[in-house]
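Source: prediction; values computed, not measured. Starting from 1, each residue takes its place in the sequence as its number.
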Amino acid sequence: MATADLLGLPSTRGRFPLIAAQSVDALGTGLFLPFAVVYFHAAKGLSLTAVGAALSIAAMIALPSGPLAGRLIDRFGPGRMVITANLIRAVTFTGYVFAGEAWHLVVLAAVTFWGEGMFWPSTGALVAQVADDGQRARWYAMERALRNVGIGLGGLLGAAMVAWGGTGGYTTIVLVNAASFVVAAVLVASWRAPAGASRETEPEAVPAGGYRKVFADRIFRGVLVTVFVFALCDLALTVLLSAYVLDGLRLPAWQPGVLFAVNTVLIVLAQTVVSRRVERRSMPRTLQVSAAVWAVSFVLFALVPAGTPTAAFLVLTLAMIVFTCAELLQAPTSSALTVAIAPARLRGRYLGLEELVWSAARVIAPAMFTWLLAHGSALPWLVLIGCCGVAIVVLGRLNHAL
């Protein structure tokens with residue numbers, strides 16, 4: 001326990017099936033994630049444009065999934081909804097094997113995204129129920145570290161499958177990912193709360209008012225503003241960075257992959273330790289620091305010298321380290337803040353709205369970042385710096401209100 005506490009790990013006694021479910025889910029997702037677009041192009045013969053359009057349409061269709069999931073979580077409990085979300089994704093990924101036209105992809109991807117929109121608030125609410133007092137941020141941190149390990153290992157294994165099996169390797173990846181969701185669902189279903197656990201592990205009657213009560217929460221409305229800003233900051237890594245490095249700065253193609261590896265390794269090694277260091281500090285203050293650190297990283301990204309690959313890579317690496325420090329502070333703290341201010345009986349709705357904001361950011365970010373990048377390589381980073389300034393102001397007011 002002393003070592004676990006030093007590493008910032010939560011108490012996991014009696015909760016092994018939940019941890020195993022997260023690990024299996026992450027490994028399966030890591031298998032497919034690097035090939036999410038390429039699979040439908042290489043194995044199904046769809047053009048990249050058609051695949052991109054189909055996935056964007058599916059994401060738009062799935063936007064309401066978070067709020068709907070919130071109602072279901074509050075009514076049936078998060079454990080059941082985690083199981084349901086995993087089974088939905090197992091069915092749709094199996095369906096990908098038989099899909100051959102763009103409209104098949106739209107339908108299956110939309111249902112997949114609905115399952116994901118159900119999964120994230122459900123697993124957040126489940127963690128809130130099973131974590132010991134004061135350890136929620138540690139749980140969120142541990143989950144994030146496990147997910148990065150699983151995605152990293154899955155990506156390597158998936159690459160080996162494709163190199164070995166070609167088109168058949170792609171199909172194997174999809175089917176193994178589908179199976180991972182089934183295994184994760186079985187593991188969650190096998191878990192039983194220990195005797196004497198809080199009654200909060202069972203769904204309770206939801207008070208009248210539902211989402212009206214959530215929208216009336218002035219503090220939570222402020223939190224949602226910061227969630228949107230942090231979602232844009234986080235998406236800058238996956239949506240913006242590669243395009244900026246390769247198209248904006250004309251740097252070698254190997255650099256984005258190395259930068260992503262730096263980010264992943266730091267999260268795996270440091271996420272739980274950082275979470276332990278800040279768990280007793282004011283959550284809005286911690287998030288303010290995170291926003292400020294993110295702003296510093298964006299300044300560094302904007303100042304990367306073009307035309308000198310070695311110097312550019314050094315500045316990019318420093319910027320990525322600073323960026324990751326902001327992520328380490330924000331990710332577990334933001335989730336814990338939403339759970340802390342949400343009444344237990346409305347927790348699913350609070351987390352469902354948080355998921356809706358994230359989904360909206362996922363829809364907006366690609367178009368916004370690419371448009372800004374087309375009008376100036378530093379422009380996206382300057383806009384993100386301004387967004388961080390807004391978050392710092394809002395979090396200052398939230399800290400005072402809380």
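Considering only heavy atoms from C-beta on, L237 comes within 4.5 Å of F323 through its side chain. Taking the side chain as every heavy atom from C-beta outward, M142 and I19 approach each other to under 4.5 Å. Taking the side chain as every heavy atom from C-beta outward, F119 and I88 never approach each other to under 4.5 Å. With a 4.5 Å cut-off on side-chain heavy atoms, I321 and L266 count as touching. Looking only at side-chain heavy atoms (C-beta outward), L351 and I73 stay at 4.5 Å or farther from each other. In this structure, P121 and Y350 have side chains that are not in contact, with every pair of non-hydrogen atoms separated by 4.5 Å or more. Put simply, the side chain of F220 reaches to within 4.5 Å of the side chain of V214, judged on heavy atoms. Considering only heavy atoms from C-beta on, W120 comes within 4.5 Å of T123 through its side chain.
Atom CE of M368 is separated from atom CG of L384 by 6.0 Å, given to the nearest 0.5 angstrom. The CG atom of L18 sits 9.0 Å away from the CG atom of L187 when rounded to the nearest 0.5 Å. Q330 contributes atom CD, which lies 14.0 Å from atom CD of Q288 (distance to the nearest 0.5 angstrom). Here the CG atom belonging to N177 is positioned 5.0 Å from the OG1 atom belonging to T29, to the nearest 0.5 angstrom. The line from CD of E101 to CG of L46 is 9.0 Å long, rounded to the nearest 0.5 Å. Taking CE of M118 as the start and CG of L72 as the end, the distance is 5.5 Å to the nearest 0.5 Å.
Taking the six-membered ring where the residue is Trp, F93 and F181 present tilted rings, their angle falling between 30° and 60°.
Q271 contributes a side-chain N or O that, together with a main-chain N or O of L328, makes up a donor-acceptor pair within less than 3.5 Å. At least one donor-acceptor pair under 3.5 Å links the side chain of T226 to the backbone N or O of V223. Judged by distance alone, the side chain of Y244 and the main-chain N or O of F301 form a donor-acceptor pair under 3.5 Å. A donor-acceptor contact shorter than 3.5 Å is absent between the side chain of R138 and the backbone of T272. Formation of a donor-acceptor pair under 3.5 Å by the Y140 side chain with backbone atoms of G124 is found in this model. Within the 3.5 Å criterion, the main-chain N or O of G396 finds no donor-acceptor partner in the side chain of H400. Counting only distance, with no hydrogens or angles, the side chain of R347 and the backbone of A342 share no donor-acceptor pair below 3.5 Å. Side-chain N or O atoms of D217 include none that pairs as donor or acceptor with a backbone N or O of K213 at under 3.5 Å. Side chain of D74 to main chain of R349: a donor-acceptor pair is present (N/O by atom type, distance under 3.5 Å, no hydrogens or angles). No side-chain donor-acceptor contact under 3.5 Å links T112 to the backbone of T92.
Nearest heavy-atom pair, A367 versus T370, reported as atom, atom and distance to 0.1 Å: O-OG1, 3.1 Å. The minimum heavy-atom distance between A306 and L249, with the atom names listed, is CB-CD2, 4.2 Å. The minimum heavy-atom distance between T94 and A178, with the atom names listed, is OG1-CB, 3.6 Å. For A58 against V106, the heavy-atom pair with the smallest separation is CB-O, 3.7 Å. Heavy-atom minimum distance, L87 versus A185: CD2-CB, 3.9 Å. Among all heavy-atom pairs drawn from F298 and C388, the shortest one is CE1-SG, 3.8 Å.
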> Would C233 and V229 count as a side-chain contact (heavy atoms from CB on, under 4.5 Å) if you check the C-alpha gap in whole Å, the side-chain angles of each, and the deciding distance to 0.1 Å?
Replying inline: CA-CA 6 Å; C233 293; V229 170; 4.2 Å; yes

> What do the steps show when you test N263 against E327 for side-chain hydrogen bond (donor to acceptor under 3.5 Å, both in side chains), and what is the final call?
Replying inline: CA-CA 9 Å; N263 175 263; E327 281 192 297; 2.6 Å; yes

>> Does L259 form a side-chain contact (heavy atoms from CB on, under 4.5 Å) with T317? I'd like the steps, not just the answer.
In response: CA-CA 6 Å; L259 294 172; T317 302; 4.0 Å; yes

>> Pair V394, V390 - check side-chain contact (heavy atoms from CB on, under 4.5 Å), show working.
In response: CA-CA 6 Å; V394 172; V390 171; 4.3 Å; yes

> Given the rule in the side-chain contact (heavy atoms from CB on, under 4.5 Å) test, do F230 and L287 qualify, once you have shown the distances and angles that lead to the verdict?
Replying inline: CA-CA 9 Å; F230 290 143; L287 292 174; 4.1 Å; yes

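The existence of a salt bridge linking D25 and R89 is confirmed by a sub-4.0 Å separation between a basic side-chain nitrogen and an acidic carboxylate oxygen.
The number of heavy-atom neighbours closer than 6.0 Å to CZ of R397, taken from other residues, nucleotides and ligands shown, is 12 or below.
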